[in-house]
Amino acid sequence: MLNIKKFNVRLSAVFVSMIVLFVTVFSLSSSKADAGDLTLSYKVYNATTGSYLREYSLTVEGINTRSVIPPDDREIDYSKNGVVKLIIQNLTTGRQTFGSGFVVDDHTIATAAHCVNGYKIKSILFFDQNGNVSMNITDPVEYHLPDKFIQNTSLYAYDYALITVKQSLEDYRCFDFGMMTEDFISKTNNVVSIAGFPEMVYGEKVNTTTTHVEYRSTGHVVDKKYGDSGNIERIFHNADSTGGNSGGPMYVSEQFDGNLYCTVIGIHAYSDGNNPPTQNSGTAMSPAVLKFLKGNSNKNY
């Protein structure tokens with residue numbers, strides 16, 4: 001049985017790419033559950049109507065047993081063209097709102113589960129380096145949600161989802177993926193960034209369902225929470241965010257061989273609820289989340 005190894009996210013991009021390859025190859029070779037394995041159930045919905053379609057389970061082998069934090073230092077940044085804006089509609093009230101997401105592979109977008117649970121997706125907007133809409137997908141195929149989150153939306157570790165589209169997203173793949181290790185928190189340069197479409201910046205409304213401005217904020221990882229599997233399941237940071245940022249990537253940047261590589265370590269989702277706020281958080285990339293996003297044979301395009 002293969003063991004999933006945790007890597008420090010500040011390794012070179014070569015090692016980061018190996019993480020993605022390892023998880024993908026591993027998932028294709030898994031066959032049956034064993035002691036210490038983790039099996040999670042997922043439900044699939046039609047992305048354009050929100051209607052239920054089917055469910056499935058994934059097993060990962062060998063698992064060990066929003067807010068602004070003053071001062072507001074967010075900046076407009078369209079350099080990551082893989083960050084998308086979701087225009088969604090509540091299935092019960094019909095009210096439209098928005099969230100963020102990011103491209104995983106040629107036909108997959110990641111977001112937070114609460115951005116699509118109980119919603120249908122009206123539009124997925126992509127942007128060029130100048131902030132102009134470069135693609136607008138109005139017919140996404142499906143979205144997949146952890147069953148545990150559907151049953152209990154307070155289980156923050158399961159607040160992740162994927163959306164599949166039939167259009168090619170090859171030109172929008174700009175992120176690597178990795179898992180944060182505990183020693184990263186203790187480093188003085190453990191800078192983390194989040195990207196997305198916040199509703200409010202500097203006290204002014206900058207994003208609606210019809211106006212679109214992408215922002216990036218930076219901070220530091222300040223804490224983590226372990227799950228029952230022994231892996232980090234939630235990452236806490238002090239980068240600024242407001243409503244609309246949910247579903248965007250939490251990532252670290254690394255210079256290697258003259259190139260800048262950005263590695264997603266989590267999906268942004270929450271503030272701490274304090275006033276004034278002290279930290280924000282999101283679901284960490286873990287073996288289960290990586291397999292769901294990168295090694296999932298149940299995705300339909």
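- A donor-acceptor pair is defined here as one N or O able to donate and one able to accept, closer than 3.5 Å; no such pair exists between the side chain of N90 and the backbone of R95.
- Of all the heavy atoms in I194 and A239, the pair that sits closest is CG1-CB, 4.3 Å.
- Within the 4.5 Å cutoff, side-chain heavy atoms of N207 are placed close to those of K85.
- In the hydrophobic clustering of ILVMFWY residues, with side-chain heavy atoms under 4.5 Å counting as a link, Y251 and L260 come out apart.
- For the pair V289 and E233, the minimum side-chain heavy-atom distance is 4.5 Å or more.
- Shown are F149, F177, Y160; of these, the ring-ring contact (aromatic ring centres under 6.0 Å, His included) with F292 is made only by Y160.
- Linking ILVMFWY side-chain heavy atoms closer than 4.5 Å, directly or via other members, places Y156 and V222 in two distinct hydrophobic clusters.
- Counting heavy atoms from C-beta outward, K291 and L38 have side chains that stay 4.5 Å or more apart.
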What verdict does the side-chain hydrogen bond (donor to acceptor under 3.5 Å, both in side chains) test give for N46 and S51, after you've listed the backbone C-alpha separation in whole Å, the side-chain angles of each residue and the deciding distance to 0.1 Å? CA-CA 5 Å; N46 183 296; S51 59; 4.8 Å; no
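- Grouping the Ile, Leu, Val, Met, Phe, Trp and Tyr side chains by contacts below 4.5 angstrom, directly or via other members, places V213 with V83.
- In this structure, T242 contributes its side chain and M200 its backbone to a donor-acceptor pair below 3.5 Å.
- L169 belongs to a hydrophobic cluster whose other members, connected by ILVMFWY side-chain contacts under 4.5 Å either directly or through intermediates, are Y45, Y52, V84, L86, I88, V103, I109, V116, Y119, I121, I124, F126, M135, I137, Y143, L145, I150, I163, V165, Y172.
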Go through it in stages, so that I can follow the logic: the residues are N298 and V44, the test is side chain to side chain contact (heavy atoms under 4.5 Å, CB included), and I'd like the CA-CA distance, side-chain angles, deciding distance and then a yes or no. CA-CA 9 Å; N298 298 278; V44 182; over 6 Å; no
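- In terms of modelled atom types and a separation under 3.5 Å, the side chain of H144 and the main chain of K43 share no donor-acceptor contact.
- A donor-acceptor contact shorter than 3.5 Å is absent between the side chain of N296 and the backbone of L293.
- Between K294 and D105, none of the side-chain N atoms (NZ, or NE/NH1/NH2) sits under 4.0 Å from a carboxylate O, so this pair counts as no salt bridge.
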Going through the distances and angles, do L290 and V60 end up as a side chain to side chain contact (heavy atoms under 4.5 Å, CB included)? CA-CA 10 Å; L290 284 169; V60 184; over 6 Å; no
Using side chain to side chain contact (heavy atoms under 4.5 Å, CB included), reason through H107 and K299 one step at a time and then give a plain yes or no. CA-CA 9 Å; H107 297 279; K299 294 188 289 187; over 6 Å; no
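- In this structure, Y42 and L162 have side chains that are not in contact, with every pair of non-hydrogen atoms separated by 4.5 Å or more.
- Using modelled atom types, no side-chain atom of S100 and backbone atom of G248 make a donor-acceptor pair closer than 3.5 Å.
- At a threshold of 4.5 Å between non-hydrogen side-chain atoms, the residues H268 and N280 count as touching.
- Remark: of the listed residues K166, K120, K122, K166 is the sole one forming a salt bridge (charged side-chain N to carboxylate O under 4.0 Å, His left out) with D139.
- Side chain of D128 to main chain of N130: a donor-acceptor pair is present (N/O by atom type, distance under 3.5 Å, no hydrogens or angles).
- Interatomic distance, CG of D183 versus CG of N190, reported as 10.5 Å (0.5 Å rounding).
- Looking at every heavy atom in both residues, T263 comes nearest to G178 through CG2-N, 3.4 Å.
- Q89 places a side-chain N or O within 3.5 Å of a backbone atom of G94 that can act as its donor or acceptor partner.
- Summarising the geometry, atom CD1 belonging to I87 is positioned 5.5 Å from atom NE2 belonging to H212; distances are rounded to the nearest 0.5 Å.
- Rounding to the nearest 0.5 Å places CD1 of I235 at 10.0 Å from OG of S286.
- Side-chain contact check for Q151 and Y158: no donor-acceptor pair (N or O, by modelled atom type) lies under 3.5 Å.
- Between atom CG of residue N117 and atom OG1 of residue T153 there is a gap of 7.5 Å, rounded to the nearest 0.5 Å.
- T164 places a side-chain heavy atom less than 4.5 Å from the side chain of E142.
- Here the straight-line distance linking atom CZ of F184 with atom CE of M179 works out to 14.5 Å at 0.5 Å rounding.
- Scanning both residues, A288 and L40, for their nearest heavy atoms gives CB-CD1, 3.9 Å.
- Through ILVMFWY side-chain contacts below 4.5 Å, Y301 is grouped with nothing and stands alone.
- In terms of heavy atoms, P249 sits closest to V264 at CB-CG2, 3.9 Å.
- Contact between N245 and A195 at its shortest, heavy atoms only, is ND2-C, 4.2 Å.
- Atom OG of S281 and atom CZ of F236 lie 5.0 Å apart (nearest 0.5 Å).
- Connection of Y226 to M250 is established within a shared hydrophobic cluster, with ILVMFWY side chains joined at heavy-atom distances below 4.5 Å, either directly or through further cluster members.
- By the neighbour-count criterion of 12 heavy atoms within 6.0 Å, atom CD of E204 is sparsely surrounded, having that number or fewer from other residues, nucleotides or ligands.
- Side-chain contact annotation: S193 with R216, donor-acceptor N/O pair under 3.5 Å absent.
- Contact check for E199 versus K205: side-chain heavy atoms found under the 4.5 Å cut-off.
- Neither side chain, N259 nor D257, offers a donor N or O lying under 3.5 Å from an acceptor on the other.
- A112 and S246 make their closest contact through CB-C, 4.5 Å (heavy atoms, listed as atom of the first residue, atom of the second, distance).
- Not less than 6.0 angstrom separates the ring centroid of F197 from the ring centroid of F98.
- Close placement of the H114 and Y270 rings is indicated, their centers lying within 6.0 Å of each other.
- Judged by distance alone, with hydrogens and angles left aside, the side-chain atoms of T283 form no donor-acceptor pair with the main-chain N or O of I267 at under 3.5 Å.
- Contact of the F102 side chain with the K80 side chain is not registered, since no non-hydrogen atoms from C-beta on lie closer than 4.5 Å.
- Placement of M285 and L155 within a single hydrophobic cluster is found when ILVMFWY residues are connected by side-chain heavy-atom separations under 4.5 Å, directly or transitively.
- For the side chain to side chain contact (heavy atoms under 4.5 Å, CB included) with H220, the lone residue among N189, V192, N238 that qualifies is N238.
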Could you walk me through whether R54 and N300 pass the side chain to side chain contact (heavy atoms under 4.5 Å, CB included) test, one step at a time? CA-CA 12 Å; R54 63 186 186 280; N300 179 26; 3.9 Å; yes
